[in-house]
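These notes are about the structure you will find just below.
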2 protein chains.
Amino acid sequence: MQQSLDPLARKLGAFVTLGERETKALEALQGPRTLIAAGKEIVYEGQQQHAAYVVADGWACSYKELQDGARQVIDIQIPGDFLGLRSFLLRRSDQSFTTLTDVVVTKIATDRLVDTFHAVPRLAVALLWAASRDEAMVVEHLVSVGRRDAVARTVHFLLELGAKLKLVGHGSATEFPCPLSQSVLADALGITSIHLNRVLRQLRESELLIFRDGWVTFLDRERLAALTGFDYSYLDLETTALR
Amino acid sequence: MQQSLDPLARKLGAFVTLGERETKALEALQGPRTLIAAGKEIVYEGQQQHAAYVVADGWACSYKELQDGARQVIDIQIPGDFLGLRSFLLRRSDQSFTTLTDVVVTKIATDRLVDTFHAVPRLAVALLWAASRDEAMVVEHLVSVGRRDAVARTVHFLLELGAKLKLVGHGSATEFPCPLSQSVLADALGITSIHLNRVLRQLRESELLIFRDGWVTFLDRERLAALTGFDYSYLDLETTALR
DNA sequence: CGAGTCGTTGACCTTCCTCAAACGCTGTGG
DNA sequence: CCACAGCGTTTGAGGAAGGTCAACGACTCG
């Protein structure tokens with residue numbers, strides 16, 4: 001789990017110790033690195049035979065758009081995250097993906113996935129674990145949007161994002177780089193960007209956290225965690241089962 | 001895909017034709033049928049080594065509770081649905097499950113899951129497809145709660161529930177049995193039960209749908225679908241790939 | 001018969017949305 | 001070099017959707 005590993009291997013390493021065999025198989029599953037410029041659509045909702053990718057560098061997001069133009073951001077993808085993997089069996093993508101910064105991705109050879117699962121079951125378990133964790137985060141996101149007010153929702157989202165980033169070696173306990181615009185963040189939280197702006201001001205003036213210039217700084221983690229009842233356990237990072 | 005099949009086989013049959021081999025393997029994966037009374041906790045959040053089940057009959061739901069007592073219902077499980085499967089790799093369950101009616105379940109032998117995947121890849125694909133579809137529904141639920149108003153959210157949820165039920169042979173195009181209380185439904189929709197009650201009255205008075213006495217009746221499907229931009233495609237039911 | 005749950009309705013209030021305007025920054029073309 | 005468009009951010013004023021509190025009727029179960 002050194003800094004030199006690629007982010008996905010680093011993330012999976014938090015769950016399963018990957019030997020040379022697993023690392024090799026993981027590399028073999030991925031195509032060449034490809035650069036995609038910021039603001040580009042990668043997969044659109046309804047697209048057929050869409051591909052799946054791993055983000056090697058940069059930020060992307062998945063979202064769905066309603067007919068009235070409203071947008072709900074489902075998830076933010078950072079280095080080490082899958083993009084479109086969970087729906088590779090569906091005939092058409094159930095959501096859209098766009099880059100938020102310049103992004104480097106590798107394509108996953110989904111047709112080789114089943115064979116790899118046979119050959120390297122340890123890797124299979126690691127990949128399924130990562131997919132389960134991602135889904136647990138979507139569930140937690142649903143809880144937030146359904147049952148927390150705008151302040152708690154915002155704080156929870158940023159705490160979680162910080163934890164995710166730390167796992168792949170970005171940011172520290174008190175701050176992390178965050179290239180999200182307020183409108184993207186608002187679309188993730190299910191509030192308007194105007195209201196988000198007021199929430200952020202309030203958080204800044206209460207000396208809880210600062211969201212500015214592409215950085216998030218936590219000023220008082222204890223009060224922040226208390227505000228949302230934030231509990232890291234669903235991130236499933238505590239102990240590692242398969243060493 | 002006859003009525004006589006068990007609901008899970010029936011559902012999977014909408015995606016993959018299951019031969020005798022697959023059907024046998026599916027049965028072998030499940031333990032004996034067990035009855036659980038209405039209102040019982042099946043798995044609680046944080047439980048370790050939680051089991052996974054298939055609902056054979058009855059209704060259940062998954063939810064998370066916040067420290068202030070608010071509850072967000074994630075998903076409703078009807079016959080043929082998995083219960084706790086998507087997180088069997090996590091060390092502790094990320095959500096709670098409770099029965100809404102008397103329920104019959106079978107336990108899934110998760111320890112045999114990987115072997116079964118080797119032996120019967122066609123079944124593996126079918127199970128992963130079902131899991132992907134379930135997750136697509138959670139995503140759509142998130143979109144609803146984040147970006148639709150209470151009326152559209154309610155209508156969308158009930159249309160979707162009707163479609164799901166039809167797939168396992170319950171209800172018709174115009175009505176279906178629905179043992180949900182208004183407070184459970186409200187907790188699923190992220191609104192208060194008081195407000196839901198007003199929404200339901202409004203829908204009834206506009207002659208759009210009736211929610212009463214454990215039944216939902218659609219009075220005008222066209223207007224209902226238009227109201228929410230309801231699109232069945234994410235349910236991935238159109239054509240069948242693997243015949 | 002009494003307690004408990006579910007559904008229903010009213011009055012009032014908070015949160016968040018809508019509309020509107022203005023500022024700073026960046027990139028682009030005259 | 002400057003003008004200007006475009007985007008993201010910030011702020012204010014007013015309004016609407018949905019929440020809170022309270023009360024009551026219908027029904028079920030012990």
Side-chain angles (χ1 to χ4, degrees), chain A residues 37-40 59 61 66 68-73 98-102 144-155 157 178-205 209-216 227-228, chain B residues 37-40 59 61 66 68-73 98-102 144-157 178-206 209-216 227-228:
Chain A
K40 293 277 185 215
W59 291 45
C61 73
L66 302 184
D68 66 359
R71 182 175 70 153
Q72 177 65 46
V73 168
T98 188
T99 52
L100 298 171
T101 66
D102 290 353
S144 240
V145 172
R147 287 297 178 207
R148 281 191 252 256
D149 68 16
V151 172
R153 214 182 288 180
T154 305
V155 169
F157 189 87
C178 180
L180 302 179
S181 71
Q182 290 188 11
S183 71
V184 170
L185 184 54
D187 281 348
L189 298 174
I191 57 180
T192 59
S193 59
I194 296 173
H195 192 61
L196 173 62
N197 184 278
R198 291 190 238 266
V199 166
L200 291 174
R201 172 164 41 140
Q202 193 182 319
L203 289 169
R204 196 185 330 120
E205 289 173 353
L209 73 80
I210 297 174
F211 179 98
R212 193 175 53 199
D213 300 330
W215 282 83
V216 172
L227 203 60
T228 62
Chain B
K40 294 275 184 216
W59 291 45
C61 73
L66 302 184
D68 67 0
R71 181 175 70 153
Q72 177 64 46
V73 168
T98 188
T99 52
L100 299 171
T101 65
D102 289 353
S144 240
V145 171
R147 287 300 179 206
R148 281 192 253 257
D149 68 16
V151 172
R153 213 182 288 181
T154 305
V155 169
H156 188 278
F157 189 87
C178 180
L180 302 180
S181 70
Q182 289 187 12
S183 71
V184 170
L185 184 54
D187 282 346
L189 297 174
I191 57 180
T192 58
S193 59
I194 296 173
H195 192 62
L196 173 62
N197 184 280
R198 292 190 239 266
V199 167
L200 291 175
R201 170 160 49 133
Q202 193 182 320
L203 289 169
R204 194 184 332 119
E205 288 173 355
S206 330
L209 74 79
I210 298 173
F211 179 100
R212 194 176 51 199
D213 300 330
W215 282 83
V216 172
L227 203 59
T228 63

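Just so it is clear, the model here is predicted, and its values are computed rather than measured.
- Distance, A/R212 CZ to D/dT9 P: 13 Å, rounded to whole Å.
- Rounding to whole angstrom units, CG of residue B/L100 and C1' of C/dT5 are separated by 15 Å.
- Taking atom CG of B/L200 as the reference point, atom P of C/dT9 lies 11 Å away to the nearest angstrom.
- Rounding to the nearest 0.5 Å gives a distance of 10.0 Å between OG1 of A/T154 and CG of A/L227.
- For B/Q182, a side-chain nitrogen or oxygen approaches OP1 or OP2 of C/dT8 to under 4.0 Å.
- We find that CG of B/D187 is positioned 12 Å from P of C/dG7, with the value rounded to whole Å.
- The two residues B/V145 and B/R153 have their closest heavy-atom pair at O-NH2, 3.4 Å.
- Here the straight-line distance linking atom CG of B/N197 with atom CG of B/L185 works out to 11.0 Å at 0.5 Å rounding.
- Rounded to whole angstrom, the span from the CD1 atom of A/I194 across to the C1' atom of C/dT15 amounts to 15 Å.
- To the nearest 0.5 angstrom, B/S193 atom OG is 10.5 Å from B/L200 atom CG.
- When heavy atoms are screened at a 4.0 angstrom cut-off, B/G190 is found touching the sugar-phosphate backbone but no base atom.
- Put simply, CD1 on B/I210 and CZ on B/R201 are 15.0 Å apart, with the number rounded to the nearest 0.5 Å.
- Residues B/A150 and A/S181 both approach DNA chain D. Their nearest nucleotides, taken by heavy-atom distance, put A/S181 toward the 5′ side.
- Residue A/N197 places no side-chain N or O under 4.0 Å from the OP1 or OP2 atom of D/dT9.
- If you check every strand for non-hydrogen atoms under 4.0 Å, B/R198 touches a base.
- For A/R201, the listed nucleotide lying nearest its side chain is D/dT11; candidates were D/dC21, D/dT11, D/dG19.
- Comparing atom distances between the A/D149 side chain and each of D/dG8, C/dG7, C/dC16 picks out C/dC16 as nearest.
- In this structure, the helix from C/dC1-D/dG30 to C/dG30-D/dC1 shows an angle of 30° between the axis at its start and the axis at its end, each fitted on 5 base pairs and rounded to 10°.
- For A/T192 and C/dC16, the shortest distance from a side-chain N or O to OP1 or OP2 is not below 4.0 Å.
- Going from atom CG of B/D213 over to atom P of D/dT28 covers 11 Å, rounded to whole Å.
- To the nearest 0.5 Å, the span separating OG on A/S183 from CG on A/L196 amounts to 9.5 Å.
- Here D/dG18 presents its P atom at 21 Å from CZ of A/R148, a figure rounded to the nearest Å.
- The CG atom of B/D68 sits 9.0 Å away from the CZ atom of A/R148 when rounded to the nearest 0.5 Å.
- Atom pair A/L196:CG and C/dT15:P shows a separation of 17 Å (rounding to whole Å applied).
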